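Right, one structure below, let's go through it.
Fair warning: this is a prediction, and the values are worked out from it, not measured in the lab. Counting begins at 1 with the first residue of the sequence.
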Amino acid sequence: MESLCGGTIKAEKLSKVRLDFINIPLETDLNSTLMNAFLKKTSSLDIGNKPKLQEIWLGIVSIPNTYRNTYFGHLISLIVDGCQFLSNAVLPFHLLSFFPRLKTLHVQNCDHVKTLFDVKCVKQDSKIPLMNLENLVVKHCKEFMTIVAKDDAYQRETFSYVKSLTLCDLPKFKYSDTCFIHDATTSKLEHLTVDHNELKKMLHEELLKNLLLKLEVFAMLFQHKFDEFKQVSKVEKLVVSDDSFKEIFYHPELKILRWKSLRELISVGSKNSWIESFLIGNIKRFEVISCFSSASLVSCTMSFSNPTHLEVNECKELIYLLTSSTAKSLVQLETMKIIDCDSIEEIIVCNKEGDESTQEEIIFPHLNYLTLNRLPKLKNFFKGSLGFPSLNHLKVTKCRMLKYLFTSSTAKSLVQLKTMEIGWCDSIEEIIVCNKKGDEPNKNEIIFPHLNCLTLDGLPKLRSFYKGRLDFPLLDQLNVMTCNMLKYLMTFSTAKSLVQLKTMEIKWCSSIKEIIVCNKEGDESNEDEIIFRDLARLTLNRLGKLKSFYKGSLSFPSLEEHNLTVLYCDRMRTDLKSLMGKRKA
């Protein structure tokens, strides 16, 4: 809290304020007292619309002597946005000593600011106490000319620890006066972000070449040709961002590439040999955010050999992501995330048309993390055969036109899967379907040998997980919620495989009548006992049609009453409390 109220409060006999169990001496008024306490403790500050701070900045109000060593003492981040009251320096001379812990300074839209730090009155042998400054952002300041209004020695001393620098729209800025940028020998700079005009100035003054030798991340917010960067050898991450960008450059040392807001980019295709070179080069992480005005990410002949991370986000015009030939080249891929692509219908499309396309097989040998989220038109991942032998984590949410997740052959490849989360997919009727019509699912057993956590949520049309036999020998946690077409949760044989299950939560499934059913009609279920030996938490909530948990013999040896929750299951006849602690004789 910075102040008690906007007006005046009379409390003539008040002498102290108790704040956070500490007695604070009353200053001239209660608001000043609270402001002083706030400035002593705050770690982040925006001075934009705070008249009291503006008076301090301009020297109209001096900092009390009792607080001279503690004001802004914990401040780590300072934001200066649209402060037109500043006529010269962002941090004037009389405030320089108050920011010993400052790490981030963000200045933008300050039309009259000429420099960040006014040190003209500092003695030659004095040090500026800003040794912790690591992140510096200066944007949209028309009169800004230099970072420090002093000679190079102060810059080397003070800013040698700056790691991240952003410069954008600074028409009068002089790079020749900024030694910590062009002195690559002492600079700790790792991350540089510039716009088109700032880059042109750096190139004109021949500063960029030496600087980039030490950069790890280079971000560009513009449209520009890239011939100047062919000599660069150590930039590992490149961020390219601009609405009108159509041309991308490549460098063989790049390891991380992010394209952002390239809405006019048509595709990545083999017509540009330099693009193909970098995609089969050393790129490990490839991110595409809010790009493309066409239907596909790459052309049908494009190959990726080394990427380990592929992320595509907010590409509204994509109808499919990859062709089958491109997908086959992703042999090193470990992570795939496809998020917020409104038009995408398939992740992978076949190069071949007709019946042959369904026979095509694609295996992602190293993929361990797959996320598909908010893809409202997605109908399937791939019409052919898929294999994910290393997949550990699977998350599919808000894919409203998806009718099933896997075929049985794909499901059998998921031998390393540990977590599966399927949610808010309105059209899913089965999680796993048989590969071919006429297949007998009862003879087609699927085992998830390492699955630890299974969550099914918001699947209003789901009727079954799989019509065949399922085994989950290591399943620890089972959550099923808002699946209103389910009439039962699992068969007897599946329940018998749940020897490690510790938590079961079933909620808001309005059609479910039994949790466990016999595999075959006419089975003498009374003779088939199920023991959930490790189940320690059981929740059944709002299951309006539930009549029984299981018609056969049942026990929960590890379940205690305080971990059993049964709510709004008015038709249920099974007395679960009587089954707790019951073991087979």
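- At least one side-chain heavy atom of D340 sits less than 4.5 Å from a side-chain heavy atom of K316.
- Every side chain to side chain donor-acceptor pair (under 3.5 Å) that S409 has, sequence neighbours left out, goes to T407, N435.
- The minimum heavy-atom distance between E560 and M580, with the atom names listed, is C-SD, 3.7 Å.
- Separation of atoms CG (N373) and SG (C341) is listed at 10.5 Å; rounding is to 0.5 Å.
- Counting heavy atoms from C-beta outward, T410 and F381 have side chains that stay 4.5 Å or more apart.
- Ring centroid separation for the pair Y550 and F532 does not come in under the 6.0 Å cut-off.
- Side-chain atoms of D534 and S558 form no donor-acceptor pair, as typed in the model, at a separation below 3.5 Å.
- A distance of 9.0 Å separates CD1 of I431 from CG of L402, quoted to the nearest 0.5 Å.
- Minimum interatomic distance between E445 and K412 (heavy atoms only, all atoms of both residues): O-CE, 3.5 Å.
- No more than 12 heavy-atom neighbours from other residues, nucleotides or ligands sit within 6.0 angstrom of NZ on K395.
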- [ ] Would you sort out whether I516 and F549 count as a side chain to side chain contact (heavy atoms under 4.5 Å, CB included), showing the intermediate values?
- [x] CA-CA 6 Å; I516 303 168; F549 197 98; 3.8 Å; yes
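- Remark: the H366 side chain and the S390 side chain contain no N/O donor-acceptor pair separated by less than 3.5 Å.
- Between the side chain of T482 and the backbone N or O of W508 there is no donor-acceptor pair closer than 3.5 Å.
- Other residues, nucleotides and ligands contribute more than 12 heavy atoms inside 6.0 Å of the NZ atom of K507.
- Looking at L462 and I422, their side chains never come closer than 4.5 Å, going by heavy atoms from C-beta outward.
- I515 has its side chain within reach of L540: a pair of non-hydrogen atoms, C-beta onward, lies under 4.5 Å apart.
- When every heavy atom of A536 is checked against every heavy atom of N563, the shortest pair comes out as O-CB, 3.0 Å.
- Rounded to the nearest 0.5 Å, atoms OG (S464) and CG (L489) are 11.5 Å apart.
- A distance of 10.0 Å separates CG in L474 from NZ in K418, rounded to the nearest 0.5 Å.
- Residue P557 comes nearest to R533 through the heavy atom pair CD-CA, 3.9 Å, listed as atom of the first residue, atom of the second, then distance.
- Distance check: L543 CG to C509 SG gives 6.0 Å after rounding to the nearest 0.5 Å.
- Ring geometry, F448 versus F472: the interplanar angle falls under 30°, so the pair is classed parallel (tilted spans 30 to 60°).
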Determine, step by step, whether M490 and F465 satisfy the side chain to side chain contact (heavy atoms under 4.5 Å, CB included) criterion, reporting the C-alpha distance in whole Å, the side-chain angles of both residues, the deciding distance to 0.1 Å, and the verdict.
CA-CA 8 Å; M490 67 187 83; F465 193 98; over 6 Å; no
How far apart are the C-alpha atoms of C518 and K551, what are their side-chain angles, what is the distance that settles it, and do they pass the side chain to side chain contact (heavy atoms under 4.5 Å, CB included) test?
CA-CA 9 Å; C518 296; K551 291 178 180 178; 5.9 Å; no
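- Residues P307 and L310 fail the side-chain proximity criterion, which asks for heavy atoms closer than 4.5 Å.
- Checked by atom type, the side-chain pair Q108/D81 shows a donor-acceptor distance below 3.5 Å.
- Enclosure of atom NZ in K103 is not indicated, since only 12 or fewer non-hydrogen atoms of other residues, nucleotides or ligands lie within 6.0 angstrom.
- For the pair L546/R571, no side-chain contact is recorded, criterion being any heavy-atom separation below 4.5 Å from C-beta on.
- With rounding to the nearest 0.5 Å, the separation of CD in E505 from CG in N479 is 5.0 Å.
- At a threshold of 4.5 Å between non-hydrogen side-chain atoms, the residues H309 and Y369 do not count as touching.
- In this structure, the side chain of H393 does not engage the main chain of N368 through any donor-acceptor pair within 3.5 Å.
- Annotation for C453 and L475: closest pair N-CD1, 3.9 Å, computed over non-hydrogen atoms.
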Run the side chain to side chain contact (heavy atoms under 4.5 Å, CB included) check on N541 and T565 step by step: do they pass?
CA-CA 8 Å; N541 188 3; T565 302; 5.9 Å; no
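- Between L322 and L330 there is a side-chain heavy-atom pair separated by less than 4.5 Å.
- Residues I344 and L321 approach most closely at CD1-N, 3.9 Å, considering heavy atoms.
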